[in-house]
J.: 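Have a look at the structure that comes next, please.
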Amino acid sequence: MAPSGASAAARAEQFVWLTARVLEQRRFAFHFLDGSADAVEAALSAYLGDDGGYGHALEPDLRGPVSQPLHTAHALRVLDEIGRCGDRRIERVCRYLTAVSTQDGALPALHPSLRGYPAAPWIPVIDDPPSELLSTGPVVGLLHRNEVWHAWLFRATDFCWAAVEAITRGARTHPYEVEAAVAFLDGVPDRDRARAVAERLGRTVRERRLAVLEPDRAAEYPLPEGYAPGEHHYPHDFARTPGSVARSWFTDAEMERSLDFLAAAQETDGGWPVNWRAWAPGTALECRPRATIDALLTLRAHGRPV
């Protein structure tokens with residue numbers, strides 16, 4: 001057990017060993033205990049399907065063995081963390097992305113192959129799902145940031161530009177979709193256009209009060225339809241690193257308040273909470289170690305001691 005007065009990472013380590021899946025244990029070890037990238041990739045491979053995508057509840061809110069775009073997006077993020085977004089493994093992923101894309105060349109949030117398996121009730125399984133920025137933006141941004149070139153990226157990139165521009169012109173959106181837009185804008189090669197669009201997107205976020213700028217007054221901020229009570233988003237959720245295009249959306253004081261709030265959210269067991277709906281017995285337990293790693297990485301990226 002971590003001693004009294006231990007660092008945030010030391011307290012989180014005990015929580016991770018107690019509760020986390022092997023993948024999150026390996027990720028924690030890689031980021032904070034000099035663990036190996038090979039061990040992370042070996043753990044991630046358990047979720048890899050024969051089709052080149054990832055499944056098996058890698059994203060805990062989608063159960064069952066079948067590959068899904070949201071699972072695969074998370075797998076790519078893990079590979080990016082350990083410097084493995086290249087070579088034949090990414091070629092295989094891109095073939096999967098091509099196979100499950102919609103007619104406009106982008107990704108649905110949920111592929112209908114999930115039908116019959118348990119899933120969070122707020123993501124319905126439909127036969128002909130539309131393309132979603134939520135699933136496509138992070139994948140496109142990450143592949144561009146790693147200088148991956150594949151035919152799938154051309155139409156998917158065009159889709160993301162159009163979707164983000166639509167938000168800045170008044171289309172409905174919500175914080176998770178804005179996070180996906182930021183992930184796209186942080187990685188896309190046209191940096192001048194990305195910064196210009198990000199500036200307009202930031203104005204939209206502030207005008208619609210999608211980011212809680214005063215954590216002690218969070219209850220006064222609106223919640224999008226379908227969100228759980230308290231499922232607010234804060235500046236640190238959008239600007240996870242100082243180099244993100246979203247960092248310019250917030251003053252230094254607003255960012256410091258947000259990071260203070262994040263640091264203080266660590267619970268007595270060493271883990272960070274999740275604020276979205278728990279719809280099945282194991283989902284919150286599986287999500288909390290990931291939220292804990294994300295919190296520590298965000299704090300460290302912004303120069304906070306962990």
Side-chain angles (χ1 to χ4, degrees), residues 23 26-27 30-31 35-45 47-49 51-54 58 67-102 104-107 131-165 177-199 201 238-248 293-294 297-298 300-301:
L23 175 60
R26 295 297 199 182
R27 285 183 64 213
F30 173 80
H31 287 296
S36 75
D38 287 343
V40 178
E41 188 165 9
L44 182 64
S45 68
Y47 300 89
L48 180 62
D51 55 5
Y54 289 79
L58 179 55
S67 297
Q68 286 290 313
L70 291 176
H71 293 317
T72 304
H74 181 57
L76 285 171
R77 179 183 167 192
V78 173
L79 291 171
D80 178 53
E81 290 177 351
I82 62 175
R84 298 288 174 88
C85 269
D87 303 326
R88 300 174 74 176
R89 64 174 65 82
I90 300 303
E91 177 67 30
R92 181 174 56 189
V93 169
C94 287
R95 287 200 299 269
Y96 165 76
L97 299 175
T98 302
V100 298
S101 289
T102 64
D104 53 16
L107 298 171
S131 294
E132 297 281 359
L133 181 61
L134 183 72
S135 48
T136 311
V139 172
V140 172
L142 187 148
L143 293 178
H144 277 308
R145 191 170 67 249
N146 283 275
E147 299 182 343
V148 172
W149 291 104
H150 188 276
W152 177 79
L153 274 169
F154 292 100
R155 295 180 67 205
T157 301
D158 288 342
F159 168 83
C160 290
W161 279 124
V164 179
E165 292 273 13
E177 186 176 57
V178 173
E179 287 184 27
V182 170
F184 167 70
L185 294 171
D186 278 344
V188 72
D190 190 340
R191 301 313 304 153
D192 289 340
R193 184 179 180 185
R195 283 187 287 269
V197 173
E199 182 179 355
L201 183 61
F238 300 106
R240 294 188 177 274
T241 68
S244 172
V245 294
R247 177 60 185 85
S248 64
I293 294 168
D294 288 347
L297 290 175
T298 298
R300 187 170 69 180

J.: Roughly how far, to the nearest 0.5 Å, is CZ of Phe184 from CZ of Arg145?
T.: 12.5 Å
J.: To the nearest 0.5 Å, what is the distance between CG (Asp80) and CG (Asn146)?
T.: 4.5 Å
J.: Check whether any side-chain heavy atom of Leu97 sits under 4.5 Å from a side-chain heavy atom of Leu143, and report yes or no.
T.: yes
J.: Say you draw a straight line from OG1 of Thr136 to CH2 of Trp152; how long is it, rounded to the nearest 0.5 Å?
T.: 6.0 Å
J.: Which heavy atom of Pro138 sits nearest a heavy atom of Ala180, and at what distance?
T.: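 Residues Pro138 and Ala180, closest heavy atoms: CD-CB, 3.7 Å.
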J.: Tell me the closest heavy-atom pair linking Phe30 and Ala37, and the distance in Å.
T.: CD1-N, 3.8 Å
J.: Quick one: list whatever passes side chain to side chain donor-acceptor pair (under 3.5 Å) with Arg77, sequence neighbours left out.
T.: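 Arg77 satisfies side chain to side chain donor-acceptor pair (under 3.5 Å) with Asp294 only.
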J.: Decide yes or no for Tyr54 and Val93: does some side-chain heavy atom of the first lie under 4.5 Å from some side-chain heavy atom of the second?
T.: yes
J.: Identify the two heavy atoms, one from Gly53 and one from Thr72, that lie closest to each other, and give their separation to 0.1 Å.
T.: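 Where Gly53 meets Thr72 most closely, the heavy atoms are CA-OG1, 3.6 Å.
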J.: Once rounded to the nearest 0.5 Å, what's the spacing between atom CZ of Arg193 and atom CH2 of Trp161?
T.: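 The CH2 atom of Trp161 is 4.5 Å from CZ of Arg193, to the nearest 0.5 Å.
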J.: Does the side chain of Val140 reach to within under 4.5 Å of the side chain of Phe159, using non-hydrogen atoms?
T.: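 No; the side chains remain at least 4.5 Å from each other.
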J.: For Val245 and Arg191, what are the C-alpha separation, side-chain angles and deciding distance, and is it a side chain to side chain contact (heavy atoms under 4.5 Å, CB included)?
T.: CA-CA 10 Å; Val245 294; Arg191 301 313 304 153; 3.6 Å; yes
J.: List the atom of Ala73, the atom of Val139, and the distance in Å for their closest heavy-atom pair.
T.: CB-CG2, 3.6 Å
J.: Applying side-chain contact (heavy atoms from CB on, under 4.5 Å), name anything that partners Thr241, two or more places apart in sequence or on another chain.
T.: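 With sequence neighbours excluded, Thr241 shows a side-chain contact (heavy atoms from CB on, under 4.5 Å) to Ser244, Ala301, given in chain and number order.
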J.: State which residues pass side chain to side chain donor-acceptor pair (under 3.5 Å) with Arg27; sequence neighbours excluded, sorted by chain then number.
T.: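 For Arg27 the side chain to side chain donor-acceptor pair (under 3.5 Å) partners, ignoring immediate neighbours, are Glu81.
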J.: Could you list the residues that satisfy side chain to side chain donor-acceptor pair (under 3.5 Å) with Thr102, not counting sequence neighbours?
T.: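 Partners of Thr102 by the side chain to side chain donor-acceptor pair (under 3.5 Å) criterion, ordered by chain and then number, come out as Asp104, Ser131.
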J.: Rounded to the nearest 0.5 Å, how far apart are CG of Asp186 and NE2 of His144?
T.: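 If we round to the nearest 0.5 Å, Asp186:CG and His144:NE2 are 13.0 Å apart.
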J.: Could you tell me whether the side chain of Arg84 reaches within less than 4.5 Å of the side chain of Asp38, counting heavy atoms only?
T.: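 Counting from C-beta outward, Asp38 and Arg84 do come under 4.5 Å.
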J.: Between CG of Leu70 and CG of Leu58, what distance do you get to the nearest 0.5 Å?
T.: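 Reported value, rounded in 0.5 Å steps: 10.0 Å.
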J.: Looking at every non-hydrogen atom in both residues, tell me the closest pair between Leu134 and Glu177 and how far apart they are.
T.: CD1-N, 4.1 Å
J.: Which pair of heavy atoms, one from Ala39 and one from Ser36, lies closest together, and at what distance?
T.: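 Scanning both residues completely, I find the closest heavy atoms to be N-OG, 3.0 Å.
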J.: For Asp190, which residues count as a side chain to side chain donor-acceptor pair (under 3.5 Å) partner, sequence neighbours excluded?
T.: none
J.: Can you pull the side chain to side chain donor-acceptor pair (under 3.5 Å) pairs that have at least one residue in residues 88-100, sequence neighbours excluded?
T.: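 Applying side chain to side chain donor-acceptor pair (under 3.5 Å) to every pair that reaches into residues 88-100, excluding sequence neighbours, yields Glu41-Arg89.
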